[in-house]
Amino acid sequence: PPSEPSERSRADPSRWAVHGPEPLELGLPGTAWSLLLDLPGWRVAEPLRRLDGSGVTVIGQRQEDGLLLSASVVMAAGRRGAWACRATDWPRIAGLEGVGDSRLETTAAEARAWYTVRDAGSPTRHLSAWRYREGACIHLHLSLPAAAPEVEVTLERALAAARYAEAL
């Protein structure tokens, strides 16, 4: 597929297609597994693939509350483990203007960064979760307005949209 969607704008969620009940599949060439995203009823942009085949990214918005999710699967390029995947991305994210109130967490399966972004609009709360699987880094990024009720609980529950499938 082309690297740039030709029919829908990635910047305008109103132009994204409403996703059906089937999972959205993100995979890399040569891997025996795919990341599946359960996004029924979400507005979803067309996935973007890197021209060299080393990664794929998709962005979507849940219509009921405006929750934004972006998911990327990229070749790990020598990194081993979720914390190593985060170590590449987090300094860039933390250095963006308006990023604050950050908290880093690491478990055996996942490395997370919680943070708030303050800009000209209302502040938003973000959860970035990195996972590692067989030579690939998975980055799941979620965001909601910081004033949303139980915002951190909602963001954490939304991670359940991501699972894996093995190739047959």
Side-chain angles (χ1 to χ4, degrees), residues 3-5 8-13 15-17 19 23-28 34-50 54-77 79 81-107 109-119 121-133 136-148 150-164:
S3 64
E4 288 293 330
R8 284 183 243 146
S9 167
R10 290 189 52 79
D12 182 3
R15 297 184 61 202
W16 300 347
H19 196 71
L24 182 92
E25 185 176 349
L26 299 179
L28 295 175
S34 295
L35 178 69
L36 300 181
L37 299 170
D38 295 313
L39 305 172
W42 287 52
R43 290 192 169 281
V44 179
E46 293 178 45
L48 284 176
R49 296 195 178 278
R50 293 183 180 184
S54 66
V56 61
T57 301
V58 71
I59 186 169
Q61 183 177 43
R62 190 164 64 188
Q63 295 182 67
E64 65 202 49
D65 59 5
L67 174 77
L68 285 172
L69 167 116
S70 67
S72 298
V73 180
V74 299
M75 299 301 259
R79 293 171 281 179
W83 63 271
C85 295
R86 179 180 65 192
T88 301
D89 295 338
W90 177 243
R92 177 186 50 80
I93 295 168
L96 294 173
E97 187 173 337
V99 171
D101 301 325
S102 62
R103 179 174 83 241
L104 301 180
E105 303 170 346
T106 305
T107 67
E110 195 169 77
R112 293 181 178 181
W114 295 90
Y115 54 99
T116 299
V117 176
R118 289 178 173 72
D119 57 15
S122 298
T124 52
R125 191 68 176 153
H126 297 253
L127 169 58
S128 280
W130 288 267
R131 299 173 183 173
Y132 175 83
R133 183 161 180 144
C137 289
I138 297 103
H139 181 190
L140 303 165
H141 172 255
L142 302 138
S143 68
L144 268 174
E150 298 187 340
V151 65
E152 288 196 6
V153 171
T154 302
L155 293 174
E156 189 159 357
R157 283 186 185 147
L159 287 175
R163 58 192 170 91
Y164 302 101

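- How far OH of Tyr132 is from CD1 of Ile138: 9.5 Å, rounded to the nearest 0.5 Å.
- Interatomic distance, OG of Ser128 versus CG of Leu142, reported as 8.0 Å (0.5 Å rounding).
- For Glu152, the salt bridge (charged side-chain N to carboxylate O under 4.0 Å, His left out) criterion is met by Arg103, Arg125, not counting sequence neighbours.
- Looking only at side-chain heavy atoms (C-beta outward), Glu110 and Leu159 come within less than 4.5 Å of each other.
- Between Thr57 and Ser72, the shortest heavy-atom contact is OG1-OG, 2.9 Å.
- Residues meeting the ring-ring contact (aromatic ring centres under 6.0 Å, His included) test with Tyr115, sequence neighbours left out: Trp90, His126.
- Contact detail for Val151 and Pro145: the closest heavy-atom pair is CG2-O, 3.6 Å.
- Within a 6.0 Å radius of CD in Glu97, no more than 12 heavy atoms belonging to other residues, nucleotides or ligands are found.
- With contacts defined as side-chain heavy-atom distances shorter than 4.5 Å, the pair Val58/His19 does not qualify.
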- Message: Apply side chain to side chain contact (heavy atoms under 4.5 Å, CB included) to residues Leu69 and Trp42 and explain how you reach the verdict.
- Response: CA-CA 10 Å; Leu69 167 116; Trp42 287 52; 3.6 Å; yes

- Query: Should Arg118 and Asp101 be marked as a side chain to side chain contact (heavy atoms under 4.5 Å, CB included) after you check the CA-CA gap, both sets of side-chain angles, and the distance that decides it?
  - Reply: CA-CA 10 Å; Arg118 289 178 173 72; Asp101 301 325; 2.9 Å; yes

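- Here the closest heavy-atom approach between residue Pro23 and residue Asp38 is recorded as CB-OD1, 3.6 Å.
- In terms of heavy atoms, Leu28 sits closest to Ala136 at CD1-CB, 3.9 Å.
- The CG atom of Leu68 lies 8.0 Å from the CG atom of Leu144; values are rounded to the nearest 0.5 Å.
- Distance check: Thr107 OG1 to Trp83 CH2 gives 14.0 Å after rounding to the nearest 0.5 Å.
- No side-chain heavy atom of Leu96 sits less than 4.5 Å from a side-chain heavy atom of Val117.
- Gln63 CD to Trp16 CH2: the interatomic distance, rounded to the nearest 0.5 Å, is 11.0 Å.
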- Task: List the steps and the verdict of side chain to side chain contact (heavy atoms under 4.5 Å, CB included) for Leu140 and Leu35.
- Result: CA-CA 11 Å; Leu140 303 165; Leu35 178 69; 4.2 Å; yes

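- Of all the heavy atoms in Ala82 and Ala109, the pair that sits closest is CB-O, 4.1 Å.
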- Task: Could you check Leu67 against Leu155 for side chain to side chain contact (heavy atoms under 4.5 Å, CB included), going step by step and ending with a plain yes or no?
- Result: CA-CA 8 Å; Leu67 174 77; Leu155 293 174; 3.4 Å; yes

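- Atom-to-atom distance recorded for Arg131:CZ and Tyr164:OH is 5.0 Å, nearest 0.5 angstrom.
- For Asp119, there are no salt bridge (charged side-chain N to carboxylate O under 4.0 Å, His left out) partners two or more places apart in sequence or in a different chain.
- Closest approach of Cys137 and Arg79 over heavy atoms only: SG-CZ, 3.7 Å.
- With hydrogens and angles disregarded, a donor-acceptor distance shorter than 3.5 Å links the side chain of Arg86 to the backbone of Arg112.
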